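Heads up, the thing below is written out as structure tokens.
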Amino acid sequence: QVQLVESGGGLVQAGGSLRLSCAASGRTSNSYAMGWFRQAPGKEREFVSAISGSALSTSYADSVKGRFTISRDNVKNTMYLQLNSLQPEDTALYYCAARKVSYYSRMTVDYEYWGQGTQVPVSS
């Protein structure tokens, strides 16, 4: 089993920045691809960004491209998401996820492990 714990969320004003972290523990592997997803109130969970096990490949949703940056530190077993130029529409519960293969996916169903989420409310 793999445990994922997100941190770094919190209230921020529009235009502000946050850095989310996702710490992995348990039967982790540096080859696991990981991703960030978010779910706004009343909406379905949606893809935000993903990174391959090697960190050589990344993907972003169009809505966050150019504002968010995903990265990972395989020594620390931690993934990050830098959120810049936040807007009220970015308000959501942000989840990290991991899958037991090295290549990422943009689909929620492809991820076996999930964290509990961290809230990111953005005020206007």
Side-chain angles (χ1 to χ4, degrees):
Q1 276 292 73
V2 174
Q3 293 79 44
L4 302 174
V5 178
E6 303 95 335
S7 61
L11 180 63
V12 62
Q13 287 189 330
S17 297
L18 281 176
R19 189 195 196 200
L20 306 183
S21 298
C22 173
S25 62
R27 299 175 67 88
T28 61
S29 170
N30 291 337
S31 65
Y32 287 6
M34 299 184 74
W36 288 97
F37 294 79
R38 67 186 182 185
Q39 188 165 16
K43 295 187 177 182
E44 293 192 354
R45 194 171 300 188
E46 65 175 4
F47 170 77
V48 175
S49 183
I51 188 166
S52 64
S54 66
L56 294 178
S57 298
T58 60
S59 179
Y60 296 92
D62 288 344
S63 59
V64 308
K65 199 172 295 183
R67 299 188 298 123
F68 292 5
T69 303
I70 193 170
S71 61
R72 65 190 294 168
D73 183 334
N74 284 344
V75 174
K76 296 181 178 179
N77 287 333
T78 302
M79 176 178 65
Y80 305 96
L81 187 67
Q82 178 68 39
L83 293 71
N84 295 330
S85 302
L86 282 161
Q87 299 302 315
E89 51 266 35
D90 295 316
T91 293
L93 183 61
Y94 283 72
Y95 296 92
C96 72
R99 62 190 306 235
K100 292 186 286 187
V101 294
S102 61
Y103 50 94
Y104 62 73
S105 169
R106 297 164 69 101
M107 306 293 291
T108 58
V109 295
D110 289 335
Y111 289 82
E112 292 92 349
Y113 306 107
W114 291 85
Q116 294 299 307
T118 185
Q119 288 279 2
V120 177
V122 182
S123 63
S124 58

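Only a predicted model underlies this, so the values are computations on that prediction, with no experimental measurement involved. We number each residue from 1, following the sequence as shown.
Nearest heavy-atom pair, Met79 versus Gly35, reported as atom, atom and distance to 0.1 Å: CE-O, 3.4 Å. Here the closest heavy-atom approach between residue Gly10 and residue Pro121 is recorded as O-CD, 3.3 Å. The shortest heavy-atom contact between Ser85 and Arg67 is O-NH1, 2.9 Å. Minimum heavy-atom separation, Ser49 to Leu81: CB-CD1, 4.2 Å. In plain terms, the two heavy atoms of Gln39 and Lys43 that are nearest each other are NE2-O, 3.1 Å. In terms of heavy-atom proximity, Leu93 sits nearest to Tyr95 at CD2-OH, 2.9 Å.
Between Cys96 atom SG and Glu6 atom CD the span is 4.0 Å, to the nearest 0.5 Å. Tyr103 contributes atom OH, which lies 13.5 Å from atom OG of Ser54 (distance to the nearest 0.5 angstrom). Atom OG of residue Ser57 and atom OH of residue Tyr104 lie 5.5 Å apart, to the nearest 0.5 angstrom.
Legend: side-chain hydrogen bond (donor to acceptor under 3.5 Å, both in side chains) pairs involving residues 109-124, not counting sequence neighbours, sorted by first then second residue: Ser105-Asp110.
Remark: side-chain polar atoms of Ser102 are not paired, donor with acceptor, to backbone N or O of Gly53 under 3.5 angstrom. Under a 3.5 Å cut-off, the side chain of Arg106 and the backbone N or O of Phe47 do not form any donor-acceptor pair. The main-chain N or O of Ser52 is found under 3.5 Å from a side-chain atom of Arg72 such that the two form a donor-acceptor pair. Side-chain N or O atoms of Glu46 include none that pairs as donor or acceptor with a backbone N or O of Glu44 at under 3.5 Å. Between the Tyr60 side chain and the Ile70 main chain, a donor and an acceptor come within less than 3.5 Å of each other. Judged purely by atom type and a 3.5 angstrom limit, Gln82 has no side-chain atom pairing as donor or acceptor with the backbone of Thr69.
Cluster annotation: Leu86 is connected to Val48 through the hydrophobic network of ILVMFWY side chains, with a link wherever side-chain heavy atoms come within less than 4.5 Å. At a threshold of 4.5 Å between side-chain heavy atoms, the hydrophobic network of Ile, Leu, Val, Met, Phe, Trp and Tyr places Met34 and Phe37 in two separate groups. Ile51 is connected to Val2 through a chain of hydrophobic side-chain contacts under 4.5 Å among Ile, Leu, Val, Met, Phe, Trp and Tyr, so both are in one cluster.
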Subject >> Audit row: Tyr32, Arg99, side-chain contact (heavy atoms from CB on, under 4.5 Å) steps and yes/no >> reply: CA-CA 6 Å; Tyr32 287 6; Arg99 62 190 306 235; over 6 Å; no

Contacts table for residues 14-27: side-chain donor-acceptor under 3.5 angstrom, sequence neighbours left out:
{"unit_1": "Ser17", "atom_1": "OG", "unit_2": "Asn84", "atom_2": "OD1", "d": "2.9"}

